[in-house]
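Below, read A as the first sequence line, B as the second, and so on, with proteins coming before strands; counting in each chain starts at 1. Everything numeric in this text was worked out from a predicted model, so none of it was measured.
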2 protein chains.
Amino acid sequence: MAIDTSIPIPIYYQIKQEILQDINAGYLQPGDRIESEEKLAKRYDISRMTARHAVTQLVNDGYLYRVHGKGTFVCTPRVEKSVATLTGFAEDMQRKGYQSKSKVISIEKLIPTEDIQETLNMKAKEQIYQMKRVRYANNTPISYQTTHLPAAMFPDLEQYDFTHLGLYETMSEHYDVEPVYATQKIESKNSSLETAELLEVEEGVAMFFVERITYSDGNKPMEVTYSWHRGDKYVFEMKLYSE
Amino acid sequence: MAIDTSIPIPIYYQIKQEILQDINAGYLQPGDRIESEEKLAKRYDISRMTARHAVTQLVNDGYLYRVHGKGTFVCTPRVEKSVATLTGFAEDMQRKGYQSKSKVISIEKLIPTEDIQETLNMKAKEQIYQMKRVRYANNTPISYQTTHLPAAMFPDLEQYDFTHLGLYETMSEHYDVEPVYATQKIESKNSSLETAELLEVEEGVAMFFVERITYSDGNKPMEVTYSWHRGDKYVFEMKLYSE
DNA sequence: AAGTGGTCTAGACCACAGA
DNA sequence: CTGTGGTCTAGACCACTTG
């Protein structure tokens with residue numbers, strides 16, 4: 001991929017993604033030395049400080065480590081910051097250096113089931129938005145999600161095109177609603193026919209089924225999402241601490 | 001304190017410590033705005049990039065946060081957020097009020113695969129204990145686990161009867177080895193025939209496959225366990241926090 | 001000696017926030 | 001408009017590693 005200096009995506013960010021993709025694609029293996037900052041700068045025709053900025057971010061994110069006088073190397077994959085933080089699909093994928101996009105299957109305003117109603121702490125007959133999306137990473141379908149949101153909290157949500165927009169991003173930007181924490185239940189289930197077709201796998205293959213309830217300020221529930229994740233493409237990683 | 005540019009302590013580091021001390025001394029309260037990068041640079045007679053470097057480090061360390069166009073502010077002190085705790089099967093079940101027991105399928109002393117060897121940070125030809133157990137909750141088989149332990153760390157482990165003993169409990173009591181943290185990868189897979197038979201389910205049903213690497217003091221790996229958990233009986237629950 | 005990362009300069013232009 | 005952080009340049013010298 002070429003570095004584009006004409007559009008307003010920071011150069012250091014583009015370099016960072018390039019390196020990340022080389023790591024994820026396996027061109028760069030754990031322990032490999034990456035190009036020196038000087039060479040990166042020359043190759044992309046940028047200043048060394050900019051190249052260094054990109055590398056610094058990847059060092060901070062735990063992908064690379066520097067050795068003075070020797071070079072900068074690829075880390076053995078780490079876990080650390082994976083599961084404990086509340087992030088959306090788009091952000092997750094971006095962090096791993098994948099291109100993410102969504103296919104919006106449907107977005108409707110309707111009256112929810114009692115379960116959802118109760119979970120979202122809503123009165124009877126109040127409406128919600130229900131959105132169904134298939135999520136892709138590098139054009140491979142990974143997840144199928146059904147999201148439920150209180151309509152009163154997100155008026156005119158259907159005006160946004162969620163093909164490339166993250167939901168949390170949109171909530172934050174246009175509705176000033178920030179997710180604060182979420183509870184999550186992860187199950188392992190055999191895929192239904194519908195899910196299998198949408199995610200382009202065989203019926204019955206093992207998948208993750210995840211229920212996530214997201215809360216914003218003041219413990220106010222703002223989202224209930226059910227997700228199917230392909231078992232062959234998705235891994236949950238986490239760090240556990242004693243006591 | 002004065003900034004000393006003559007000795008080989010990086011300037012950015014000295015600035016960083018100055019700001020940190022102001023925070024710890026209470027001169028800078030949570031929410032307070034700190035001096036702008038420009039002013040820091042002028043006051044210490046350094047370039048803005050150097051001042052920025054100091055601030056960046058404090059941002060990365062979670063002491064400060066930046067707001068574009070407004071300034072840089074002191075964070076509210078972090079609250080400890082224990083997300084997931086490191087517990088063994090027996091303890092898990094007990095906590096949920098189930099009777100737990102195990103059927104020890106095998107316990108052997110052998111030379112491990114290279115993978116295990118590497119993960120456990122062992123020399124070639126060093127031996128491990130490999131133990132296979134089926135774990136029950138209220139007499140229902142729930143999990144099938146294969147555990148690998150450095151034999152040198154747990155001499156004569158085979159003398160203990162793990163039908164009712166927890167592994168972590170035994171380690172702590174008889175070997176003075178305490179698990180400190182673990183990394184865990186959770187996958188969703190269709191059950192193999194062997195696993196299905198041991199756990200009394202149909203072949204191919206969705207299950208969790210979990211790799212857990214447990215570390216004791218000094219980041220010393222002490223255990224690698226692969227677990228199959230029945231998808232129809234097992235749920236992972238967790239709380240996620242933003243940022 | 002050559003190559004690497006570590007630090008630093010003295011500017012520059014931009015995007016965003018607020019008066 | 002001014003002041004802020006965000007990005008970037010084109011150099012520089014240093015300290016560390018390896019040949």
Given [options], identify the nucleotide with an atom nearest to the side chain of [X].
X	options	answer
B:R33	D:dT9, D:dT4, C:dG6	D:dT4
B:R48	C:dC8, D:dG5, C:dG5	D:dG5
A:M49	D:dT7, C:dT7, D:dG5	C:dT7

My understanding is that only one of A:E223, A:E178, A:M222 makes a side chain to side chain contact (heavy atoms under 4.5 Å, CB included) with A:S216; could you say which?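 With A:S216 as partner, side chain to side chain contact (heavy atoms under 4.5 Å, CB included) holds for just one option, A:M222.
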Given [N], is OP1 or OP2 found less than 4.0 Å from the side-chain N or O atoms of [X]?
X	N	result
B:T72	D:dG5	yes
A:K39	C:dT4	yes
B:Y12	C:dT7	yes
A:R52	C:dG5	no
A:T50	D:dC8	no
B:S47	C:dC8	no

Nearest whole Å is fine: how far is [N] [atom2] from [X] [atom1]?
X	N	atom1	atom2	answer
A:Y44	D:dT9	OH	C1'	19 Å
A:I34	C:dG3	CD1	C1'	15 Å
B:Q14	C:dT7	CD	P	12 Å
A:K42	C:dG5	NZ	P	13 Å
B:L64	D:dT4	CG	C1'	15 Å
A:I15	D:dC8	CD1	C1'	12 Å
B:E37	D:dT7	CD	P	11 Å
A:Y65	C:dG6	OH	C1'	18 Å

With sequence neighbours excluded, residues passing ring pair (Phe, Tyr, Trp, His ring centres under 6.0 Å) with A:F89: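 Once residues adjacent in sequence are excluded, A:F89 has no partner under the ring pair (Phe, Tyr, Trp, His ring centres under 6.0 Å) criterion.
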Take the angle between the ring planes of A:Y241 and B:Y181 and call it parallel below 30°, perpendicular above 60°, tilted in between. tilted
May I ask you to decide if the ring planes of A:F154 and A:Y175 are parallel, tilted or perpendicular, using 30° and 60° as cut-offs? perpendicular
Supply the atom-to-atom distance A:H148 NE2 to A:Q130 CD, rounded to the nearest 0.5 angstrom.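 A:H148 NE2 to A:Q130 CD: 4.0 Å, rounded to 0.5 Å.
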For A:Q127, look at atom CD and say whether over 12 heavy atoms of other residues, nucleotides or ligands are found less than 6.0 Å away.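 Counting other residues, nucleotides and ligands, CD of A:Q127 exceeds 12 neighbours.
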With B:K220 as the cation and B:Y215 as the aromatic partner, state whether NZ or CZ is under 6.0 Å from the six-membered ring centre and within 45° of the axis. no
Extract from the structure each pairing of a protein N or O with an N or O of nucleotides 17-19 of chain C at less than 3.5 Å, listing the distance.
{"residue": "C:dG18", "atom": "OP1", "partner": "B:K70", "partner atom": "NZ", "Å": "3.2"}

